[in-house]
Amino acid sequence: MKRIFAAILLLATAVSAAAQDKSTVKVGAPEGDQVIPREIYGQFAEHLGSGIYGGIWVGPESPIPNINGYRTDVLEALKAIKVPLVRWPGGCFADDYHWRNGIGPREKRPSITNNNWGGTVEDNSFGTHEFLDFCELLGCEPYISGNVGSGSVEELADWIEYMTAASDTPMSRLRRQNGRDKPWKVKYIGIGNEAWGCGGNMRPEYYSDLLRRYATYCHDFDGNKLFIIASGASDYDYNWTDVILKNRKGKMDGISLHYYSVDNWGNKGSATDFTKDDWYWVLGKSTEVEEVIKNHIALMDKYDPRKRIALCLDEWGTWWNVEPGTNPGHLFQQSTMRDAMVASTTLDICHKYSDRLKMTNIAQMVNVLQAMVLTQGEKMLLTPTYYVYKMYTVHQGATFLPVEVSTATKEVRGGRGKATRTIPLLSATASRDGAGKVHISLSNLDADNAHEVTVDLEAVSKSSKAVGEILASKNITDHNEFGKPEVVKAVPFKDFRFKGGQLTVKMPAASIVTIELQ
Ligand code: AHR
């Protein structure tokens, strides 16, 4: 293990070694007016397994407590993490979805086979109205992923008119017949999903023409203003981003990027049964997203130096083998402290690039992949990842404060390509909210050692009082189960001293802390 300065904002300057389990963080004053967009905390809800049916939607007749068919427990849990935005209906499902099947009286809607995810038959009882009403209940922005792979330009144009036209048009009339007078407010429209894969297996040259064509007919109705997002690259595919940006013409407000923390798609590993080497390996893979984001941004800077186009990391997270005994097509996985650490360190990175990276959607919100909550019948539990989102709500919409981190690093090796990666063992982020309060979040990636972290806050706070919260557990494999739902949870944290602008925090191994300066 060697010591370096891992500069979380600007610098990566080598400095002299310090004791092994000591780290320092310097929080700087804001440079410019970089705000952490609330949309960095976006969610993704696909028709996949019990991501929608059973997870969000149980129908108004269900014995499971619900509000107009939406599970009350899930709704309340999501409200508590201030979900700013939800992307729907996919994912791969989006390019197979025909919205007209999901409107009108529920008993008359046709059933469909979900060809992407386990061949499950769905009754379409959760459609456009149910999704957009859900967003209204939750108080979040809807992000509609349009069907380019198997849908038509007309279908997408009509869908937008159906959702957003206030005046008397054929589609707003249809919506009114279906019981909704007022249009919904819909901002985000994705032009397809993974067009290079399940969204049509296209070449970037071909997709960029389709993007221009589909976007042309995405109209702004009656004051509703759309934000058009191009289907972007998968992780290291820089050519995709290059071609789409080079060929762009007309409407395009954002381009997406997908990054999952997986190297071996053949055997992704167990979510709960893993070693310390596995822990470090996935943190190496997940923190590599920084390099990927940087490289895509460099291309964007070339074509769009004024930063008018947003980068949207609209799918990311861990992806493990499904829980034993569950349908392999339903992507139901557990979430441990390891997933929580992937979440906190990824969010730290996303804050840093938020002058260009304006949205992220973790995959996925309920019961699928790195979920916030898991349900089983009437039971619901909160995952360790949920607690990270809860502790990080304070950073939503807050002014970004640059941090410099000096910590030990560790070389990690693993994955199919046996890649070697070097990871800093401490990650940090800081922000100042609208009320002037400074929050700092620290993640100790070290699975073996506690770290004493000294945070220099002199440049940003004159306060002398602080309160903290911590997410930690005895074992890195700890997780919450339906029989034991509170093994891992955030609790108040007091193991720090705060004096003269210096915060000294004693962080247990594999822990995540957020401290508020009051
Ligand atoms: O999130 C699961 C799937 O991963 C999505 O449907 C797809 O877009 C991606 O490949």
Side-chain angles (χ1 to χ4, degrees), residues 42-53 55-56 85-97 112-120 122 126 131 143-151 188-202 204 207 229-237 240-241 244 254-266 268 271 285-286 289 292 312-323 326-335 339 342-343 346 359-374 383 385:
Q43 298 282 337
F44 172 31
E46 180 167 11
H47 287 237
L48 196 178
S50 48
I52 302 287
Y53 297 107
I56 294 172
L85 157 139
V86 179
R87 177 172 181 252
W88 174 86
C92 295
F93 180 81
D95 283 289
D96 244 351
Y97 183 64
I112 49 155
T113 307
N114 190 331
N115 291 311
N116 283 287
W117 304 115
T120 308
E122 298 188 5
F126 191 92
F131 172 63
Y143 172 2
I144 297 284
S145 196
N147 181 345
V148 171
S150 71
Y188 299 105
I189 298 287
I191 307 295
N193 166 72
E194 297 194 347
W196 40 264
C198 63
N201 280 315
M202 302 175 203
Y207 171 73
I229 301 175
S231 172
S234 172
D235 37 50
Y236 313 92
D237 185 357
W240 184 275
T241 302
I244 305 304
I255 183 164
S256 74
L257 170 67
H258 290 182
Y259 187 88
Y260 286 99
S261 298
V262 182
D263 261 349
N264 182 357
W265 288 93
K268 299 182 277 299
K285 173 73 186 179
S286 62
V289 75
V292 172
C312 306
L313 180 62
D314 65 10
E315 285 186 32
W316 66 274
T318 58
W319 191 326
W320 310 114
N321 294 337
V322 296
E323 282 303 292
T326 64
N327 185 328
H330 287 184
L331 311 187
F332 181 81
Q333 73 184 36
Q334 259 294 356
S335 179
D339 300 83
V342 168
T346 302
M359 175 203 290
T360 92
N361 308 115
I362 189 168
Q364 300 191 4
M365 189 161 71
V366 181
N367 288 335
V368 177
L369 301 177
Q370 194 176 351
M372 302 294 115
V373 302
L374 301 178
T383 64
T385 299

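Both counts, for ligands and for their atoms, begin at 1 and track the order of listing. All values below were derived from every heavy atom in this structure, side-chain atoms included, with hydrogens, water molecules and symmetry-related copies excluded.
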Point to revise | Check: Trp319 N/O within less than 3.5 Å of ligand 1 N/O | key: no
Check your understanding: Taking distance alone, with no angle check, do His258 and ligand 1 share an N/O pair under 3.5 Å?
Key -> no
Check your understanding: Can Asp339 and Thr385 be counted as having a side-chain donor-acceptor contact under 3.5 angstrom?
Key -> no
Would you mind telling me if ligand 1 is within reach of the side chain of [X], the backbone, both or neither, using heavy atoms under 4.0 Å?
X: Phe44; answer: side chain
X: Trp117; answer: side chain
X: Asn116; answer: neither
X: Asn193; answer: side chain

Study note, to complete from the structure: Scanning both residues in full, the closest heavy-atom pair of Ala45 with Met365 reads CB-CE, 4.1 Å
Exercise for review: Name the option, out of Arg87, His47, Glu194, Gln364, that contains the heavy atom nearest to atom 2 (C) of ligand 1.
Suggested key: Gln364
Which atoms of ligand 1 have any heavy atom of [X] under 4.0 Å away?
X: Leu369; answer: 1 (O), 2 (C)
X: Tyr260; answer: 1 (O), 2 (C), 4 (O)
X: Cys92; answer: 5 (C), 6 (O), 7 (C), 8 (O)

Exercise for review: Please work out whether the ring planes of Tyr53 and His47 are parallel, tilted or perpendicular, with thresholds of 30° and 60°.
Suggested key: perpendicular
Point to revise | Closest protein heavy atom (residue, atom, distance) for atom 8 (O) of ligand 1 | key: Glu315 OE2, 2.7 Å
Practice item. Check for a donor-acceptor pair, side chain of Thr383 on one end and backbone N or O of Ala371 on the other, with a separation under 3.5 Å. Key: yes
Review point. Is there a donor-acceptor pair closer than 3.5 Å between any side-chain N or O of Gln364 and the backbone N or O of Glu46?
Key: yes
Practice item. Applying side chain to side chain contact (heavy atoms under 4.5 Å, CB included), run through Gln334 and Trp320 and close with a yes or a no. Key: CA-CA 8 Å; Gln334 259 294 356; Trp320 310 114; over 6 Å; no
Revision key, fill the gap. Checking Asn361, Asp237, Asp314 against His258 for side-chain hydrogen bond (donor to acceptor under 3.5 Å, both in side chains), the one that qualifies is Asp314
